[in-house]
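Structure, as C-alpha cells:
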Amino acid sequence: MSNLTMEKLVNLCKQYGFIFQGSEIYGGLANTWDYGPLGTRLKNNIKDAWRKRFIQERKNSFETDTTILMHSRVWEASGHVDSFNDPKFDCKNCKTRYRADNFIEEYSLNHDSAQNMAFDEMTEYIKNNSMKCPKCGSSNFTDVREFKLMFETYRGTTEDNKTVIYLRPENAQGEYVNYLNVLRSSRTKLPFSIGQIGTVFRNEVTPGDFIFRTIEFEQMEYQTFCKPGDDVELYKYFKEYGKKFYLDLGLSNDKLRFKDHEKLSFYASAACDIEYLFPFGWGELNGTHDRTDYDLKRHQEFSGQNMEYIDSNTNEKFIPYVVESTYGVGRTVLACLFEAYHEETLEDGTIREVMRLHPYLAPYKVAIFPLIKKNHSDKANELFDILSKHFMVTYDESSSIGKRYRRQDVIGTPYCITIDDNTLNNNTVTIRDRDTMKQEVLDIEDIVDYINEKIAF
RNA sequence: GCAGAUGUGGUUUAAUGGUAGAACAUAACCUUGCCAAGGUUAGAACGGGAGUUCGAUUCUCCUCAUCUGCUCCA
C-alpha cells in the first residue's frame with residue numbers, strides 16, 4: 001500500500017534529511033534542490049549501481065570525468081549554439097506561446113522561410129503580414145524574444161578581455177572529444193563504450209515537480225562507439241539493458257514503459273525513452289538515441305582532427321556510429337523514493353512507514369542500538385567501529401527501542417542490530433530485517449558476511 | 001514566462017490591528033529489557049522588503065518560494 005503524494009514526499013525528504021530546498025534560508029532558488037545526508041548517500045549508491053552495471057560488468061567499457069567548461073567551438077560543432085535557443089513570442093490575449101520561426105513558416109501566406117531572419121525582423125514580419133493567433137484570432141503579440149537554453153559565463157578577468165563560455169548542457173560532448181584519447185590509451189577496439197557521470201545545466205523555463213526537472217542536474221551517460229550498421233542492434237540492446245537496470249534497482253515493471261520518439265532530433269536516427277509512472281504522470285528516466293556519426297563527423301569538421309577508425313581486419317576506414325543512453329540521476333532518485341515508500345498498518349492499528357529501498361541503495365545498511373544505554377552502549381560503540389569499516393552504519397541510543405526501529409524503517413535501513421546482555425556474555429546480537437520484521441540471533445563474527453551477502457547488487 | 005491559489009516552530013495547525021497557543025517531532029535527565037510506553041525540562045515560527053498606522057503576523061503594494069493548470073523541455 002502506498003499513497004505517497006509529491007507534497008508528502010517533499011516533507012518527508014526534508015524531515016529526515018534526504019533533500020532540501022536550494023538556498024532555503026534566503027527564500028529558496030526555484031528549481032534547485034540540495035541533497036542532505038541521506039539523499040547524498042542514496043544518490044551516490046545509485047551512481048555506484050550504474051557504474052557497476054555499465055562500467056565494471058561490461059568489457060571494453062571506460063569511464064571518464066570531463067570538464068563542465070569546454071571550448072566554445074564544441075558547442076558550435078554539436079549544434080547547440082544554433083539550435084539550443086529558440087525565438088519565441090506570446091499571444092497577449094490567450095497567453096499561448098509560439099516559436100516564431102515555425103509560426104512564420106506554418107501560418108504565413110507564402111510559407112516564407114524564417115531561417116535567416118533576425119528576431120526583430122520576425123517581429124516585423126508577423127506585424128506587417130497581420131498574422132493572427134490560430135487559437136484566438138488576436139494579433140496582440142509580444143515581440144519575438146530569444147530563449148537561451150545554455151547557461152553562459154565569462155572567461156577573462158577584465159571587461160575588454162571577456163569571452164563567452166558555456167556551462168555544458170549535456171555530458172556527451174566530453175566523451176566525443178575524448179574518443180580518440182580513450183581509443184588510443186585503452187588499446188581497445190570497436191565496439192567500445194565511454195561512460196560518464198556529471199552535472200549539466202539547462203536554463204529552462206520550467207515547472208518543477210520537485211527534483212524531476214531542475215536547472216542543474218546530473219546525468220549518467222553511456223556512449224557506445226560502433227561500426228556503422230551495428231548501431232541498430234546495439235540501440236535495441238541498450239533499451240532493454242536500461243530497463244533491466246531499473247528493474248534491478250527495484251522499480252516495478254508495470255510502472256516502466258518504453259516511449260519511442262515520433263519526432264526525431266536532427267542528430268538522431270532513432271530515439272526512445274524509458275518512462276516511469278510518477279504520481280504526476282509518466283516521466284522520462286532514460287533516453288536512448290542512435291546518434292549515427294553526426295557528432296564525430298561534426299567534430300572532425302570543426303576541429304580538423306581525423307576521427308576515422310581503421311578496422312585492422314578489413315582495413316576499412318570509417319567514422320564510428322554512436323549509440324547513446326542517458327540516465328537522469330535525480331529522476332532515478334525520485335522514482336526509487338516513490339517506489340520504496342509503503343505504509344503498513346500493524347496489528348495494534350498504528351501505521352508504520354517503511355522505505356523499502358533496495359539494500360544496496362539504502363543510505364545506512366545497519367543501525368546499531370544498545371538495548372539499555374547504561375549497560376550496552378560501550379559494546380555497541382565497539383561494534384560500530386568494526387562494522388563501519390565495511391559499510392555505512394548508524395547508531396541510536398535515544399528513546400525506546402521501538403521508536404528507534406521505526407525511525408530506521410522510514411529512512412530505508414534494511415537491518416537493525418540490538419546489543420543486550422547476551423552480547424556481553426555470548427557475543428551474539430539480535431538482527432532484525434526491515435522487510436520481514438523477523439529477528440535472528442547472530443554471532444558478532446558473522447555480521448559482516450551476513451550483511452554483505454544481503455546488500456549485493 | 002502566463003493564469004489562479006497558498007505562505008505561522010522540523011511537520012500539521014489555532015488565534016489576533018496591541019505579549020502568537022497547541023499537537024506531533026527534536027534534545028537533556030529519570031524511567032524503560034526488543035517495535036512510535038510514561039514523567040520532568042528545554043530549544044524552536046508569522047517567507048523577504050516597503051507602505052498605511054501610535055502600533056502590522058493580520059490591511060495595501062512589490063518581491064521570493066511552493067502548489068494547480070497552461071507553455072516549454074534540440
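Throughout, a chain's letter reflects where its sequence line sits, starting with A, and its residues are numbered from 1. Computed from a predicted model, the values in this text were never measured in an experiment.
- Remark: B:rA36 base-pairs with no nucleotide; criterion is Watson-Crick or G-U wobble with both hydrogen-bond distances under 3.5 Å.
- With both ends at atom C1', the span from B:rA28 to B:rG69 equals 49 Å, rounded to whole Å.
- Listed nucleotides B:rC35, B:rG33, B:rA25 differ in distance to A:Q15; the shortest reach to its side chain belongs to B:rA25.
- Set against B:rU66, B:rA37, B:rU32, the side chain of A:A30 has B:rU66 as its closest nucleotide.
- Under the 3.5 Å distance criterion, the side-chain polar atoms of A:D433 are matched with a main-chain donor or acceptor of A:T436.
- Heavy-atom distances to RNA chain B give each of A:E7 and A:T430 a nearest nucleotide, and the one nearer the 5′ end belongs to A:E7.
- Within the 4.0 angstrom heavy-atom criterion, no nucleotide atom of any strand lies near A:D409.
- Separating the C1' atom of B:rA45 from that of B:rA25 is a span of 15 Å, rounded to the nearest Å.
- Among the heavy atoms of the strands, none lies under 4.0 Å from A:E284.
- Considering only the side chain of A:R202, B:rA74 comes nearest among B:rA74, B:rU66, B:rC34.
- When the P atom is compared between B:rU26 and B:rG10, the two are found 15 Å apart, to the nearest whole Å.
- OP1 or OP2 of B:rU26 sits under 4.0 Å from a side-chain N or O of A:R407.
- Side chain A:R352 to base B:rC35: no donor-acceptor pair is found below 3.5 Å.
- Between B:rA37, B:rU12, B:rU68, one nucleotide has an atom nearer to the side chain of A:D209 than all others, and that is B:rU68.
- Judged by distance alone, with hydrogens and angles left aside, the side-chain atoms of A:T32 form a donor-acceptor pair with the main-chain N or O of A:L29 at under 3.5 Å.
- We find the OG-CD distance between A:S78 and A:Q173 to be 4.5 Å, quoted to the nearest 0.5 Å.
- The base of B:rC35 has none of its N or O atoms less than 3.5 Å from a complementary donor or acceptor on the side chain of A:R404.
- One N or O on the side chain of A:R404 and one on the backbone of A:P370 form a donor-acceptor pair closer than 3.5 Å.
- A:D420 contributes a side-chain N or O that forms a donor-acceptor pair with the base of B:rC34 under 3.5 Å.
- With both ends at atom C1', the span from B:rU16 to B:rG55 equals 14 Å, rounded to whole Å.
- Among the heavy atoms of the strands, none lies under 4.0 Å from A:Q408.
- Side-chain atoms of A:D420 come within 3.5 Å of backbone N or O of A:N422 as a donor-acceptor pair.
- Between A:W33 and A:C13, every side-chain heavy-atom pair lies at or beyond the 4.5 Å cut-off.
- Partner of A:Y276 under the side-chain hydrogen bond (donor to acceptor under 3.5 Å, both in side chains) criterion, out of A:E284, A:R331, A:E339: A:E339 alone.
- Judged by distance alone with a 3.5 Å cut-off, no donor-acceptor contact links the side chain of A:N11 to the base of B:rG10.
- In the interface, the side chain of A:Y405 is paired with the base of B:rC34 through a donor and an acceptor atom under 3.5 Å apart.
- Residue contacts shown for A:H376 include a base, since a base heavy atom lies under 4.0 Å away.
- Here the separation of B:rA15 from B:rU58, taken at their C1' atoms, is 11 Å to the nearest Å.
- The partner of B:rG69, taking Watson-Crick or G-U wobble pairs whose two distances both stay under 3.5 Å, is B:rC2.
- Closest to the side chain of A:S398, out of B:rC73, B:rU26, B:rA28, is B:rA28.
- Which of B:rA74, B:rA36, B:rG33 sits closest to the side chain of A:L371 comes down to B:rG33.
- Where A:K373 and A:Y26 each meet RNA chain B at their nearest nucleotide, the meeting point lying more 5' is that of A:K373.
- The gap from the P atom of B:rC34 to that of B:rC29 amounts to 22 Å, rounded to the nearest Å.
- In the set B:rU11, B:rU26, B:rC34, B:rU11 carries the atom at the smallest distance from any side-chain atom of A:K14.
- For A:I372, counting side-chain heavy atoms from C-beta on, the closest listed nucleotide (B:rU66, B:rU32, B:rU26) is B:rU32.
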